[in-house]
There are 4 protein chains.
Amino acid sequence: MLPPGMSDRAAGRRRELLDAAIAVFARKGFHAARVADITAEAGVAHGLLYHYFRSKDEVLETIIRETWQLLQADTERIASSGAPLEEQLRRFAHIHLGSWLVAPDLIRVLVREVGRSPQVGSRVGEMGGVFLGLQRIVEAAHERGEVRADCDPRLAAWVFYGALEEILTGWVLGQLPGGEQEIDRAVATVVGITHAGLAA
Amino acid sequence: MLPPGMSDRAAGRRRELLDAAIAVFARKGFHAARVADITAEAGVAHGLLYHYFRSKDEVLETIIRETWQLLQADTERIASSGAPLEEQLRRFAHIHLGSWLVAPDLIRVLVREVGRSPQVGSRVGEMGGVFLGLQRIVEAAHERGEVRADCDPRLAAWVFYGALEEILTGWVLGQLPGGEQEIDRAVATVVGITHAGLAA
Amino acid sequence: MLPPGMSDRAAGRRRELLDAAIAVFARKGFHAARVADITAEAGVAHGLLYHYFRSKDEVLETIIRETWQLLQADTERIASSGAPLEEQLRRFAHIHLGSWLVAPDLIRVLVREVGRSPQVGSRVGEMGGVFLGLQRIVEAAHERGEVRADCDPRLAAWVFYGALEEILTGWVLGQLPGGEQEIDRAVATVVGITHAGLAA
Amino acid sequence: MLPPGMSDRAAGRRRELLDAAIAVFARKGFHAARVADITAEAGVAHGLLYHYFRSKDEVLETIIRETWQLLQADTERIASSGAPLEEQLRRFAHIHLGSWLVAPDLIRVLVREVGRSPQVGSRVGEMGGVFLGLQRIVEAAHERGEVRADCDPRLAAWVFYGALEEILTGWVLGQLPGGEQEIDRAVATVVGITHAGLAA
DNA sequence: GATGAATGAGATTTCATTCAT
DNA sequence: AATGAATGAAATCTCATTCAT
């Protein structure tokens, strides 16, 4: 995840720059954000960004990749838990939608810059891991007889993920109320619909 | 929709430029696309674009707005049909996912540039119309007793729309197979899950 | 030589920019010269340079290439004249050293930026033509019996050209007096030494 | 030549850095070469270069100056030898062209960066010494009656030097074959032409 | 309507140099 | 002596937009 051989101090600086970038990208959007904004936010000279990243693009790429990697790890942990389908869906939804409270700026960036990802080229890999994890969750439930026979687990995974993503989008765009209680409701609603929709 | 007082010929040119823009935006993305690319695609000098649009931004805005307006009209027609919920959902899904076959470049642009829309400022209006229409579809079914009591029609509308959008995203990113038959399957799956998930 | 399909007006602008570049490169050297210096010298906005040249490098490349092409044409004309060796050498020396009076800035640029040429990559081609022309001049004289048998025409061409080039260098660096009369003396000296040195 | 009070070890490091710089300048050219390339070649941290040199420019200056100083010393030794003109020319040519075998990278740098020298400001001094030495060689021969009366010794020195320099250029650019035997032939040719051209 | 030369603001990126450790 | 993180000046190049023709 980190370039090997990076000192603690260097890793700290790198993290500071990533956090500054998230804040700035969330505020102005990736394109309107200048490198100088990021380094000003981090309180360093703008040349320093280029010691840690090859380009402004690589900064966004890193943010996206690291986030997807974390989500992928969560997904795999949930998939290995052996819990009932509904419980697994709830855990995933809780983590994914819950991140709106924990790191709203990060969510703003991810929602608004999704479109860039395929260009940036790295999304597909990590993203694929998450979708595969969700698919395996549905498949396992399928094998346990928790899911309707006529349901395609792969599409089901996309449907479920898309529902969550759209709600995050609603929050980011201010189209849906996004307080703490709404998050619980949203988790319940998405899981309710999806699970009932899939259930045998 | 068209600036008033525009001749047929002028409207034709305008349309050519919009189509050229859709092709170019689909190929390179909005930011990487240059005005000169669009006019070259349309076979005219680049100054001409400024007779029809105030800026490059306005071109994208127009594309997005016109699309949402059409979708809004479709949604309202469906909502007024009085058909059962499942049938209404199927019609909407059929139109929305079906556009991948009819106008894949347009879908590519919409999926990839969603993030830009709120900045551009026009999304919220027309988009809101579509979501409101979907919400009213669910509410009406609710009143007819077709839907579970504990279900929030607004969130349900977002869940349904998000599921469709994510499948379009999968096709755009090449992560899901997007042939003609897959479209029918996708319609069936999304409608199946959502309707069963909402049903009383 | 010119990109085809360039209007007279465009060709004129291009020439103005080349002349401005020669003046600026002569004054500050290629590296210290900024694109803005060139365009300021030409009295246009700096963006305009990029309508005519792909880069600052291409401007220098063009200057060098066009100059060598002219010299190559001169060389070929002289080589085809059938005049005695001494006369041919005198004509070449007269043209080459004479350019110091005609276009001293151009000579300054060429002498000071020779080193760049091979990097720029185009020198070898045109340059090769000049050296080949000189070589053929010596070879023809050899066949006419005007030249010693033990003399390698190729090396002789390089010796002759190097002598001229070094004198231009002396003028550029201000190490040799470079007035009008000195040019005639220099022609006489170089031709005198080289011809006597080669003569049978 | 060395800053006074420099230890042997320090002098060794300094030498290592100069040699590394010669290799890098030969490979990439002075401008494209970064300080970090030089220190990487020498296997030290880039800050260290600034313990031994004030700037990147000073490194090139040093390389050029030291080389010209050695050549100047050679020239003066030859000039004092009292040998016949032809013999003196041969010795100089042998040393100068011979360096292509001994230190080709150094020659590459000198040939390609001549243009920079006057800017760097140091060339004129040491260079002047070499040219003056060659001029005195011709003048002495002139006084001994070995040389034609109508020959300007100063220009003759430049002609001779330019011939050698151009042959080195041909080798550097790969335009002339530069093996061991070619060097002897080149010495013979240049000396042959120049001496015969000057002889009474 | 149509053209494309001309403009110029503006941003990324590079890299020589410094200096605390 | 040696390191390499940090600085920040500086310059190329892009491209949306304008406007004379």
Side-chain angles (χ1 to χ4, degrees), chain A residues 6-7 9-10 12-14 17 31-39 42-59, chain B residues 6-7 9-10 12-14 31-40 42-59, chain C residues 6-7 9-10 12-14 17 31-39 42-59, chain D residues 6-7 9-10 12-14 31-40 42-59:
Chain A
M6 182 173 277
S7 71
R9 183 182 167 199
R13 263 290 145 82
R14 195 185 125 100
L17 284 165
H31 274 100
R34 286 160 301 169
V35 168
D37 294 327
I38 300 171
T39 51
V44 299
H46 61 276
L48 191 56
L49 187 136
Y50 293 90
H51 276 267
Y52 295 96
F53 305 95
R54 255 192 296 277
S55 66
K56 186 185 151 192
D57 266 32
E58 205 196 63
V59 175
Chain B
M6 181 174 278
S7 73
R9 183 171 157 216
R13 263 290 149 82
R14 194 184 124 100
H31 273 101
R34 287 159 299 178
V35 168
D37 294 325
I38 300 171
T39 51
V44 298
H46 56 275
L48 191 55
L49 186 136
Y50 292 89
H51 279 269
Y52 296 96
F53 304 96
R54 251 191 300 276
S55 67
K56 185 185 154 192
D57 267 28
E58 205 196 62
V59 175
Chain C
M6 182 173 277
S7 71
R9 183 184 168 200
R13 263 290 146 81
R14 196 185 124 100
L17 284 165
H31 274 101
R34 284 158 303 166
V35 168
D37 294 327
I38 300 172
T39 51
V44 297
H46 62 275
L48 191 56
L49 187 135
Y50 293 90
H51 277 268
Y52 294 96
F53 305 95
R54 254 191 298 275
S55 66
K56 186 184 151 192
D57 266 32
E58 205 196 67
V59 174
Chain D
M6 180 173 279
S7 72
R9 184 169 155 218
R13 262 289 149 82
R14 193 184 126 100
H31 274 101
R34 286 160 299 177
V35 168
D37 294 326
I38 300 171
T39 52
V44 298
H46 57 274
L48 192 55
L49 185 136
Y50 292 90
H51 279 269
Y52 295 96
F53 304 96
R54 252 191 300 276
S55 68
K56 185 185 155 192
D57 268 28
E58 204 196 65
V59 174

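Numbered from 1 within each chain, the chains take letters A, B, ... in sequence-line order. In what follows, every heavy atom counts, from backbone to side chain, and hydrogens, waters and symmetry copies are set aside.
Regarding contacts with the backbone of F/dA10, every side-chain N or O of C/R34 stays at 4.0 angstrom or more from both OP1 and OP2. The side chain of B/H51 places an N or O atom within less than 4.0 Å of a non-bridging phosphate oxygen (OP1 or OP2) of E/dG1. For the OP1/OP2 pair of E/dT13 and a distance below 4.0 Å, the side-chain nitrogens and oxygens of A/R54 include no atom meeting the criterion. Close to E/dG4, at under 4.0 Å from its OP1 or OP2, lies no side-chain N or O of C/Y52. A close approach under 4.0 Å does occur between a side-chain nitrogen or oxygen of D/R9 and OP1 or OP2 of F/dA2.
Nearest nucleotide to the side chain of D/A45, out of F/dT7, F/dT12, F/dT3: F/dT3. Comparing E/dA2, F/dA16, F/dA5 by their closest approach to the side chain of B/K56 singles out F/dA16. When distances run from any side-chain atom of A/Y50 to the nucleotides F/dC13, F/dT17, E/dT14, the shortest one goes to E/dT14. Considering only the side chain of B/H46, E/dA5 comes nearest among E/dT12, E/dA5, F/dT14.
Separating the CG atom of D/D37 from the P atom of E/dT14 is a distance of 13 Å, rounded to the nearest angstrom. Atom CZ of D/F53 is separated from atom P of E/dA16 by 15 Å (rounded to the nearest Å). The separation between D/H31 atom NE2 and E/dT14 atom P is 17 Å, rounded to whole Å. Distance, B/R14 CZ to E/dG1 P: 12 Å, rounded to whole Å. Spacing between atom CG of A/L49 and atom P of E/dC15 amounts to 16 Å, rounded to whole angstrom units. Atom C1' of nucleotide E/dT13 and atom CG of A/L17 are separated by 15 Å, given to the nearest angstrom.
The shortest non-hydrogen separation linking C/E58 to C/F53 is OE1-CA, 3.3 Å. The two residues C/L17 and C/A42 have their closest heavy-atom pair at CD2-CB, 3.9 Å.
Residues C/R34 and C/D37 form a side-chain contact, since some pair of their non-hydrogen atoms from C-beta on lies under 4.5 Å apart. Proximity of C/V44 to C/R13: side-chain heavy atoms (C-beta onward) are separated by under 4.5 Å at one or more points.
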| request: Begin from the C-alpha positions of D/V59 and D/L49 and carry the test side chain to side chain contact (heavy atoms under 4.5 Å, CB included) through to its verdict. | output: CA-CA 9 Å; D/V59 174; D/L49 185 136; 4.1 Å; yes

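Looking at which nucleotide of DNA chain F each of A/G47 and C/L48 is closest to, the 5′-most match is held by A/G47. Summary of the strand contacts: A/A33 and B/R13 both lie near DNA chain E, and taking for each the nucleotide with the nearest heavy atom, the more 5' one is attributed to B/R13. The residue among A/S55 and B/V44 whose nearest nucleotide of DNA chain E is located toward the 5' end is B/V44.
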| said: Only Watson-Crick and G-U wobble pairs with both distances less than 3.5 Å should count. Give DNA chain F in dot-bracket notation, marking inter-strand partners with |. | reply: .||||||||||||||||||||

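In this structure, A/K56 NZ and A/H46 NE2 are separated by 13.5 Å, a value rounded to the nearest 0.5 Å.
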